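Notes follow once the structure below has been shown.
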2 protein chains.
Amino acid sequence: MVGIDEKDEEILRELRKNGRATLTELGRKIGLSPASIKNRIEKLENLGAIKGYSAIVDPTFLNEFVQAIIEVELLVDNETVDKMLYNISQLDNVVGVYRKTGEFQILIRANFKDVPQLKEFVRNLSAKYLGKNMKRAKVSVIIDAFKENGVVLYKERRSRRRR
Amino acid sequence: MVGIDEKDEEILRELRKNGRATLTELGRKIGLSPASIKNRIEKLENLGAIKGYSAIVDPTFLNEFVQAIIEVELLVDNETVDKMLYNISQLDNVVGVYRKTGEFQILIRANFKDVPQLKEFVRNLSAKYLGKNMKRAKVSVIIDAFKENGVVLYKERRSRRRR
DNA sequence: GCTGAAATTCTGGAGTG
DNA sequence: CACTCCAGAATTTCAGC
């Protein structure tokens with residue numbers, strides 16, 4: 001990677017684990033002054049190495065009791081799909097949108113209040129967004145999340161069933 | 001949700017979109033003093049509503065050029081699987097670990113330097129972690145990420161192929 | 001949940017190697 | 001050119017209410 005050295009990588013790794021780490025903290029860990037850390041973070045943001053920051057939130061606290069994974073098989077995957085996926089990405093309850101290899105080309109992670117809302121969402125996927133291009137969708141419901149975006153959610157290994 | 005009001009929900013929603021928002025910013029948006037925001041955030045962290053904070057990092061800048069989704073079908077899914085999934089969650093290159101409904105009960109998102117590393121990982125899934133309980137695995141490679149952990153990655157809808 | 005003061009952190013410019 | 005130092009600004013923290 002051009003223009004990226006080990007210190008930059010350390011910053012990226014640290015921020016992935018703790019996105020709210022302060023410049024001073026990072027400086028101590030990495031061995032740079034807070035001002036340098038700031039310069040580097042700005043550089044990393046401009047380069048697109050850092051896309052943004054996010055808190056890992058338990059969806060049930062936002063009354064999102066159904067967390068689903070929706071895989072979509074497309075008839076054709078072309079540039080116009082990009083725009084549709086961009087539009088889907090704008091939805092607040094959608095957490096992740098990916099294009100991938102395999103039988104199902106699209107994977108969407110989204111949260112819902114209840115199952116009817118999930119059903120409505122899947123209906124809208126073809127009705128509003130992907131149209132006839134959507135061949136079929138496969139829906140799974142998340143039972144447990146152990147790790148999310150690099151953050152381990154279970155602190156102990158005791159058997160608990162709730163997240 | 002007990003002990004959670006609308007202001008708390010707003011805080012959760014804001015922090016999910018921008019995990020590095022300052023207390024002052026949040027206070028302005030929500031209509032509370034920075035001190036109150038801080039108190040509420042602490043409460044939310046203690047309640048487990050906020051699990052952590054993370055920067056959304058482009059994996060290619062950390063020499064993780066292969067981003068994979070690995071689905072695993074288990075023979076039996078019982079409590080001992082929890083511990084194995086916990087162990088898998090500890091791995092640095094693993095970004096997400098979920099238990100879900102459907103034919104494949106486990107979904108793992110992980111990043112790799114190259115395909116041989118991915119292959120090695122899948123081999124280790126049965127050799128080291130899940131043992132004979134792993135019936136089979138289905139691997140997909142991520143081509144494009146449009147949204148990750150609530151953060152939209154494509155800023156415009158111009159057709160770009162790189163993330 | 002507010003206020004105000006103290007501590008900490010952040011920021012931007014000048015200077016150094 | 002990236003880093004450090006330093007002073008002013010902003011934020012965070014903590015007390016009392």
Side-chain angles (χ1 to χ4, degrees), chain A residues 1-58 60-63 149-153 155, chain B residues 1-64 148-153 155 162:
Chain A
M1 237 353 106
V2 278
I4 299 289
D5 63 12
E6 270 151 36
K7 305 267 187 194
D8 290 320
E9 289 188 14
E10 280 188 76
I11 293 174
L12 291 178
R13 268 182 243 282
E14 276 306 320
L15 281 177
R16 186 150 69 170
K17 274 190 286 192
N18 177 13
R20 262 184 108 77
T22 178
L23 301 182
T24 315
E25 278 177 304
L26 292 170
R28 261 199 304 273
K29 262 188 193 156
I30 293 164
L32 288 175
S33 72
S36 296
I37 300 284
K38 185 179 185 292
N39 285 337
R40 283 168 177 269
I41 288 181
E42 271 172 13
K43 181 186 73 179
L44 291 168
E45 285 172 351
N46 291 333
L47 282 173
I50 299 173
K51 303 288 189 182
Y53 304 90
S54 178
I56 316 295
V57 173
D58 184 336
T60 59
F61 283 84
L62 289 171
N63 296 318
N149 221 76
V151 177
V152 178
L153 304 179
K155 295 304 171 197
Chain B
M1 235 358 104
V2 279
I4 299 288
D5 64 13
E6 260 170 35
K7 306 267 188 194
D8 289 321
E9 290 188 12
E10 282 187 74
I11 292 174
L12 292 178
R13 269 182 243 279
E14 274 308 317
L15 281 178
R16 185 150 68 173
K17 274 192 286 193
N18 177 13
R20 261 184 110 77
T22 67
L23 303 181
T24 314
E25 278 177 303
L26 292 170
R28 259 199 308 272
K29 264 189 191 156
I30 293 165
L32 288 175
S33 71
S36 300
I37 298 285
K38 186 177 186 293
N39 285 338
R40 283 168 178 268
I41 288 180
E42 271 173 12
K43 180 186 74 178
L44 291 168
E45 286 171 351
N46 291 333
L47 281 172
I50 298 173
K51 302 288 190 182
Y53 304 89
S54 179
I56 314 295
V57 173
D58 184 335
T60 60
F61 283 84
L62 289 172
N63 296 319
E64 300 169 336
E148 198 140 39
N149 223 77
V151 177
V152 178
L153 304 179
K155 295 305 173 198
R162 287 217 75 279

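Reckoned from all heavy atoms, side chains included, excluding hydrogens, waters and symmetry mates. Everything quoted here is computed from the prediction, not taken from an experiment. A, B, ... follow the sequence lines: proteins, then strands. Residue 1 opens every chain.
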Run the numbers on A/Ile37 and A/Thr24 for side-chain contact (heavy atoms from CB on, under 4.5 Å), then give the verdict. CA-CA 8 Å; A/Ile37 300 284; A/Thr24 315; over 6 Å; no
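- Here the shortest heavy-atom pairing between A/Asp58 and A/Thr60 reads OD1-OG1, 2.8 Å.
- Shown here for A/Asn149 and B/Ser54, the closest heavy-atom pair between the two residues is ND2-OG, 2.9 Å.
- Using a 4.5 Å heavy-atom threshold, the side chains of A/Arg40 and A/Asp5 count as touching.
- Rounding to the nearest 0.5 Å gives a distance of 3.5 Å between NZ of B/Lys38 and CD of B/Glu42.
- Pairing each heavy atom of A/Leu12 with each of A/Ile50, the nearest pair is CD2-CG1, 3.5 Å.
- B/Leu62 and A/Glu9 make their closest contact through CD2-O, 3.7 Å (heavy atoms, listed as atom of the first residue, atom of the second, distance).
- Protein chain A contacts DNA chain C from C/dT9 to C/dG12, reading 5' to 3' and using non-hydrogen atoms of the protein with a distance under 4.0 Å.
- Note that the first and last nucleotides of DNA chain D, 5' to 3', having any atom under 4.0 angstrom from a heavy atom of chain B are D/dT11 to D/dC14.
- Across A/Tyr53 and A/Glu45, no two heavy atoms sit closer than the pair OH-OE2, 2.7 Å.
- Across residues 27-36 of chain A, A/Ala35 each have a non-hydrogen atom less than 4.0 Å from an atom of DNA chain C (numbered order).
- Sorted by first and then second residue, the pairs that involve residues 18-33 of chain A and meet salt bridge (charged side-chain N to carboxylate O under 4.0 Å, His left out), not counting sequence neighbours, are A/Glu14-A/Lys29.
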Could you walk me through whether A/Leu32 and A/Lys7 pass the side-chain contact (heavy atoms from CB on, under 4.5 Å) test, one step at a time? CA-CA 9 Å; A/Leu32 288 175; A/Lys7 305 267 187 194; 4.2 Å; yes
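- Heavy-atom distances under 4.0 Å link DNA chain C to A/Thr22, A/Leu23 of residues 12-23 of chain A, given in residue order.
- Minimum heavy-atom separation, A/Val151 to B/Lys51: CG1-O, 3.9 Å.
- End-to-end axis angle of the helix from C/dG1-D/dC17 to C/dG17-D/dC1, using five pairs per end and rounding to 10°, comes to 30°.
- Between A/Asp8 and A/Arg13 there is no salt bridge, since no side-chain nitrogen of the basic residue lies less than 4.0 Å from a carboxylate oxygen of the acidic one.
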Could you please spell out the steps behind the side-chain contact (heavy atoms from CB on, under 4.5 Å) verdict for B/Leu44 and A/Val57? CA-CA 9 Å; B/Leu44 291 168; A/Val57 173; over 6 Å; no
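- Note: A/Ser36 OG to A/Ile41 CD1 = 11.0 Å, rounded to the nearest 0.5 Å.
- To the nearest 0.5 Å, atoms CG (A/Asn18) and CG (A/Leu26) are separated by 8.0 Å.
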